[in-house]
Each structure stands twice: as structure tokens, then as C-alpha cells.
Amino acid sequence: MNHKLEIRDVTKTFKTEEGELKALDRFKVGVKPCEFLCIIGPSGCGKSTLLRLIAGLDEPSSGKIILDGKELKGPSPDRGMVFQEYSLFPWRTVLKNVTFGLELQKMAKQERYRIAKEYIELVGLKGFENSYPYELSGGMKQRVAIARAIAPEPSILLMDEPFGSVDAQTRNALQEELLEIWQRTKKTIVFVTHSVDEAVYLADRVAVMTARPGTLIKCAGIDIPRPRKRTSVEANEFREKLLMWLSLERSKVQD
Amino acid sequence: MLKNRLLQFLNRRGVVEVISLCVAILIWEMVADFVIKDKGILPSPHAVFLAYFELLDLIPMDICTSLLHFAIGLGAGAVVGIAVGMLMGWFKTVNRALDAIIEVLRPIPPLAWIPFAIIWIGLTHSAAGFIVFIGTVFPILINTYTGFREVDKTYIDAAKVLGCEKESKLIRLVAIPFSLPYIATGIRVGMGVGWMCLVAAEYFGVSRYGLGYRLLCVFFPLQMMDRVVAYMILLGLIALVLDRVFRYFVEERLLKWKKGMVAQ
């Protein structure tokens with residue numbers, strides 16, 4: 001099976017004042033084209049670090065990350081990223097936030113406005129083009145962040161707990177919209193979360209991580225047909241499995 | 001009924017403000033006319049008012065000259081302050097190299113530079129501008145520096161992921177817009193300090209015109225205290241207008257995205 005993205009034995013250590021901190025230890029996982037992969041694990045297990053490595057914002061201490069058959073070097077617009085907290089540029093309007101990546105590709109003004117407007121419509125924010133981020137709710141901001149990340153048409157979308165700081169109802173709505181966008185744009189998505197519910201609702205496959213140093217302990221496909229029901233029996237069964245893996249890991253750490 | 005009417009009237013915009021201003025002027029007039037009775041010590045408001053009419057030919061030229069000095073100083077202060085502040089905020093090494101020097105120079109009162117302003121630049125408009133420059137440059141520099149240091153790392157990461165990798169582009173597209181409120185605050189504070197320096201800077205005879213020159217070198221030696229007060233009020237009003245114009249321009253145009261963040 002050809003992988004879209006392959007993470008091969010990636011280790012990442014940070015130098016701190018108390019010595020070296022190993023955030024990731026020989027982590028490996030492959031992501032198929034158009035696949036929705038969720039990475040789940042306790043806080044501080046290095047899942048955000050992993051995403052930063054894939055984004056090219058940090059370099060692995062050892063190991064390789066391969067995208068479309070080529071080893072990664074530095075950030076590039078072929079990988080879009082949606083951040084945990086609000087990362088919209090507050091000095092730019094919604095429209096100008098979404099055109100940011102397109103501007104850097106030296107696209108003509110009319111063209112980038114046209115594309116940006118399409119994506120703003122895709123995330124359901126038509127009419128808010130000229131609003132500033134401070135005028136938007138948390139959920140709307142993350143919608144803009146998604147539009148901004150996919151406007152330059154990256155082949156893979158990285159999401160770092162993007163819905164972590166919105167309320168439960170908004171979160172559900174955002175998840176549904178994300179699935180719709182995913183199905184429409186056929187992107188490969190790597191989605192980091194610590195919510196079991198979120199992983200079970202969204203992912204084709206889920207990778208479970210341990211904490212300190214972060215390693216992969218389990219990678220399992222979720223075969224529940226879509227559209228999924230959050231409260232279905234299968235969903236509950238999978239949730240239980242996932243919780244069990246996570247708690248096994250916890251008890252191991254405590255021993 | 002009557003009480004309610006009165007309250008309604010007072011609640012109207014500007015009513016209390018205008019009344020208090022009028023009362024203050026009235027008290028001033030009373031004190032000047034009936035208590036002090038010496039216009040060399042406290043000129044009355046009506047004398048000051050009349051002084052403006054006697055000075056109509058002088059005022060425009062004095063204002064223009066002072067604004068020229070101010071513009072030279074503020075312009076130079078903004079260019080140097082913003083440029084150095086940006087470099088110090090972005091590059092740690094530049095900060096380490098310049099920080100000690102700046103900390104030594106900064107507490108020197110701007111007026112203490114007058115001797116060197118004269119020696120280096122001579123008795124020209126630029127010498128007065130230089131004193132204003134010393135007053136404006138540090139607030140602008142420090143605020144710009146702070147703005148650059150506070151740039152949220154998430155914004156930098158987000159820009160990088162979107163393809164903004166070159167440092168010059170990160171500065172232009174992220175750090176500068178992020179720091180604009182800080183820079184604006186620096187300029188506002190700098191304008192206040194610079195305006196104060198201006199009056200003294202004109203004292204040492206760089207020109208035959210200028211509000212400070214006229215006030216300190218002409219009216220005061222001639223004991224024309226009504227004219228001194230007239231120019232004092234003029235100095236205050238111009239500073240007020242400059243500040244309002246700046247705030248309007250910056251807050252309504254440049255900083256629409258962050259209302260009310262520029263220091264009040």
C-alpha cells in the first residue's frame with residue numbers, strides 16, 4: 001500500500017535546562033491518501049510535537065518523515081495546519097486571513113479573492129469576509145482557520161486539537177462540517193486530539209500514543225460506516241476499546 | 001419637575017464640561033481683577049484674549065516654525081526609534097549589543113543635550129529638532145522593541161506553514177502589523193515628550209520665530225505676561241490637536257482591528 005505520509009522511527013529530543021527531554025521515541029505510522037487519521041493520547045505525550053515535525057516547524061532528532069515519496073525539509077504550503085489556539089492574524093480581515101497563503105504564492109489579487117471567497121463559503125462564513133477576528137466567535141474563528149489552511153490547496157491537512165477550546169455543541173457542528181469538507185476536498189487529514197469521542201466520530205484510523213516519551217502503542221481502523229451516529233452501539237464499543245488502551249497505558253506509567 | 005429638567009439638561013453632552021470651563025475662566029477673571037490686581041503677576045483672561053488679536057501677524061509664522069522643529073525631531077525619532085527597536089526586538093544579538101548603550105543614554109534629560117546640539121549642528125532649525133529627537137526617540141524605540149518581543153509565536157508558526165519563510169517577510173507580514181499598536185503608543189508618548197522639549201529647545205536662539213522662542217525670549221523679558229499666557233494656551237491647544245489628529249488617524253484607520261488599545 002502506498003502511503004501519502006510516512007513517519008519512520010522519528011525521535012525528537014529537546015534540550016532543557018534540566019537536561020534532555022525525549023518527546024517522541026521511534027514513532028512510526030503511515031497515512032494513506034485521503035485518509036482521516038486521528039492521533040490520540042494523554043496531554044504532554046508529544047502529539048503536538050509530532051504535528052509540528054510534520055508541518056516542518058521543527059526537525060526530528062532522528063528518523064524520517066516522508067511525504068509523497070520525498071523526505072520533508074522545512075515548512076511548505078503543501079501541508080496546511082490548523083492550530084490549537086486562535087492563530088488568525090487579528091490585524092487582517094477574514095478575507096485577508098484566507099488570502100495570506102495565496103499572497104505568498106504571488107497569485108493575482110482578483111484570483112486570490114475569488115478563491116478565498118469560495119473557501120469562506122465552504123466553511124459557512126459567507127457575509128463575514130470583511131469582519132475582523134475579534135468580531136467572531138470561537139467556532140467561527142476556527143472555521144476561518146480551516147479555510148485559511150486549505151485555501152492554498154495543501155495535499156495534507158494537519159490539525160492540532162482545533163476544536164479544543166469551543167463549547168460542546170459548537171464542537172459537534174464543527175466536526176460535522178469538517179467531515180463534509182474532507183469528503184468534498186478529498187484531503188488527507190492528520191488530526192490530533194485528546195478526546196476519545198472526537199476520534200471515534202471522525203477518524204478512519206486512530207493511533208494511540210503513550211506519554212513521555214511518546215511512542216505509538218496501537219493503531220486501529222474504525223470500520224463504523226459513515227455517516228456515523230455518536231450514540232450507536234458500534235461507536236460505544238469502539239470508544240470502550242480506545243479507553244481501555246489509554247487506561248492500560250496509564251496504569252503502566254504508574255507502575 | 002424643575003429638578004428633573006435640570007438633571008436632563010446636565011446630562012446632555014458637553015453641558016457640564018462647558019459650564020465648568022466657564023466657571024473656571026470667571027473665577028480667574030475675578031481673582032485677576034479684584035484680588036491680584038497686577039497683570040504682571042496674573043493677567044486676566046480678557047487681557048489674554050485681547051492679546052491674541054494683537055499677535056495675529058506673529059502667530060502663524062511662530063506656529064509653522066515650531067511645527068517644523070517638531071517635525072524634524074519627531075520624524076528622525078520615529079525613523080531611528082522604529083528601525084532600532086525592530087532590530088533589537090527581532091535579533092537577540094543586536095539587543096545585547098545595544099541595550100547597555102541605550103540604558104545609559106536614555107535617562108539623560110533631553111535638555112542636557114543642548115550644548116552638543118549647538119556645537120554639532122549650530123544655531124539652526126535642526127538643532128532644535130535634535131533636542132526634540134532626543135525626547136521622542138526613546139519612547140518610540142522602547143515601545144517598538146516591546147511590540148516585536150511580544151509577537152505571538154503562533155502567528156509566526158501559522159505564517160511559516162502558509163509559506164512565509166524568509167525572515168524579511170515574517171517581519172513585514174507578521175511582526176510589523178502585530179507591533180503597530182505598540183509603535184503607535186510609542187509615537188504618542190514620544191510626541192508628548194518632544195513637545196515639552198520643543199519650548200526649551202527654542203530658548204537658545206535657533207531662529208527668530210517659534211512659539212517657545214517668542215514666549216521665553218521676547219514676551220517674558222518684556223514682562224508681557226498676557227502674551228506669555230496666550231502662547232502657553234496656544235502650546236497646549238496645538239499639542240491637544242496633534243494628539244487628537246494622530247489618534248484619529250491611527251485608531252480609526254490603522255488599528256481598526258484592535259479598538260482602544262492605544263494608551264488613552
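We name chains A, B, ... by the order of the sequence lines, and we start the count at 1 in each one. Excluded from the calculations below are hydrogen atoms, water molecules and symmetry mates; all remaining heavy atoms, backbone and side chain alike, are included. Bear in mind the structure is a predicted one, so any value in this text is a computation, not a measurement.
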Contact check, side chains of [X] and [Y], non-hydrogen atoms, under 4.5 Å:
X	Y	value
W257(B)	P133(A)	no
L104(A)	E165(B)	no
W91(A)	V174(B)	yes

For [X] versus [Y], what's the shortest heavy-atom pair and its separation?
X	Y	value
K160(B)	P75(A)	O-CB, 3.6 Å
F83(A)	A158(B)	CE1-CA, 3.5 Å
F100(A)	L162(B)	CD2-CD1, 3.7 Å
S87(A)	Y155(B)	O-CD2, 3.6 Å
V161(B)	R79(A)	CG1-O, 3.4 Å

Would you say [X] has more than 12 foreign heavy atoms packed within less than 6.0 Å of its [atom1]?
X	atom1	answer
Y209(B)	OH	no
E59(A)	CD	no
F14(A)	CZ	yes
F91(B)	CZ	yes
Q8(B)	CD	no
E71(A)	CD	yes
M232(B)	CE	no

Does any heavy atom of chain B fall under 4.5 Å from the side chain of [X], the backbone, both, or neither of them?
X	value
P90(A)	both
L102(A)	neither
R52(A)	side chain

Spacing of CG belonging to D160(A) relative to CG belonging to D157(B), to within rounding of 0.5 Å |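 Rounded to the nearest 0.5 Å, the CG-CG separation comes to 10.5 Å.
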Heavy-atom distances under 4.5 Å only: say whether K166(B) touches chain A with side chain, backbone, both or neither.
->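 Neither the backbone nor the side chain of K166(B) comes within 4.5 Å of chain A.
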For L173(B), is it the side chain, the backbone, both, or neither that has a heavy atom closer than 4.5 Å to a heavy atom of chain A?
-> both
Among the options R148(A), Q105(A), R92(A), E103(A), pick out the one with the most heavy-atom pairs lying under 4.5 Å from chain B.
->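 Option with the greatest count: R148(A).
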